[in-house]
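Being a predicted model, the structure only gives us computed values, none of them experimental. Starting from 1, each residue takes its place in the sequence as its number. Side-chain atoms are counted along with the backbone in the values below, which use heavy atoms only and exclude waters and symmetry mates.
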Amino acid sequence: MRSRLVPPIVLLLLLVILQWQLWNGRGSVRDVSQLQTKLAEQKEANAKATVTNERLASEVNDLKVGLEMVEERARQELGMVKPNEVFVQVTR
């Protein structure tokens with residue numbers, strides 16, 4: 001009688017251990033869910049950084065190629081005025 005109970009008890013114990021590992025151990029369902037959330041957040045941050053990098057690369061290229069961009073920024077940020085030019089500022 002005792003020998004007939006040992007295999008089911010061992011199998012039940014193994015099942016409990018495996019279920020605990022699945023739900024609470026390393027690589028559990030909860031861990032995978034958290035990692036998927038972090039991955040989605042990181043992908044979003046990477047997409048934003050890519051857009052920013054592309055914009056900055058374009059601006060650097062414009063600054064290397066032509067002086068028009070330099071002149072435009074100097075006018076906007078520093079108030080540059082060419083000789084014989086009248087500067088008019090409109091405020092709203």
Side-chain angles (χ1 to χ4, degrees):
M1 174 95 167
R2 182 177 172 120
S3 63
R4 292 179 69 194
L5 290 178
V6 172
I9 291 174
V10 170
L11 290 175
L12 185 61
L13 183 62
L14 285 173
L15 179 65
V16 168
I17 291 171
L18 290 174
Q19 283 294 315
W20 185 85
Q21 282 291 329
L22 176 66
W23 295 104
N24 298 315
R26 193 173 128 233
S28 66
V29 173
R30 180 177 46 206
D31 288 346
V32 171
S33 175
Q34 289 173 348
L35 288 174
Q36 286 175 339
T37 302
K38 285 182 182 180
L39 179 63
E41 291 170 357
Q42 188 62 51
K43 283 183 178 182
E44 184 178 330
N46 288 352
K48 288 179 182 178
T50 300
V51 169
T52 302
N53 287 345
E54 289 172 355
R55 183 182 54 80
L56 290 174
S58 173
E59 190 173 327
V60 166
N61 188 39
D62 287 345
L63 290 172
K64 285 181 180 179
V65 171
L67 294 176
E68 295 86 24
M69 183 70 172
V70 174
E71 184 178 328
E72 181 183 335
R73 287 192 91 179
R75 286 177 174 276
Q76 289 176 355
E77 295 175 10
L78 303 174
M80 182 186 101
V81 179
K82 290 182 179 180
N84 299 324
E85 186 177 56
V86 177
F87 177 71
V88 178
Q89 183 174 8
V90 178
T91 58
R92 293 183 183 185

- Task: Sort and list the pairs that fulfil salt bridge (charged side-chain N to carboxylate O under 4.0 Å, His left out) and have at least one residue in residues 78-87, not counting sequence neighbours.
- Result: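 The answer is E71-K82, R75-E85.
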Pairing residues for E41 by the salt bridge (charged side-chain N to carboxylate O under 4.0 Å, His left out) criterion, not counting sequence neighbours
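Scan of E41 (salt bridge (charged side-chain N to carboxylate O under 4.0 Å, His left out), adjacent residues dropped) gives none.
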Could you identify which residues cluster with [X], counting Ile, Leu, Val, Met, Phe, Trp and Tyr as linked when any side-chain heavy atoms lie under 4.5 Å apart, either directly or through a chain of such contacts?
X: L11; value: none
X: M80; value: none
X: L13; value: I17

Going by the rule side chain to side chain contact (heavy atoms under 4.5 Å, CB included), which residues pair with [X] if we only count those two or more places apart in sequence or in a different chain?
X: V10; value: V6, L14
X: S28; value: R30, D31
X: N61; value: V65

Quick test of your reading: applying side-chain hydrogen bond (donor to acceptor under 3.5 Å, both in side chains), list the pairs with at least one residue in residues 42-55, sequence neighbours left out, ordered by first then second residue.
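Pairs touching residues 42-55 that pass the test: Q42-N46.
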Scan residues 12-25 for pairs that pass side-chain hydrogen bond (donor to acceptor under 3.5 Å, both in side chains), counting only residues two or more places apart or in two chains.
->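 Listed once each, the pairs are Q19-W23.
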If I take atom CG from residue L22 and atom CG from residue L15, how far apart are they, to the nearest 0.5 angstrom?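 Rounded to the nearest 0.5 Å, the CG-CG separation comes out at 10.5 Å.
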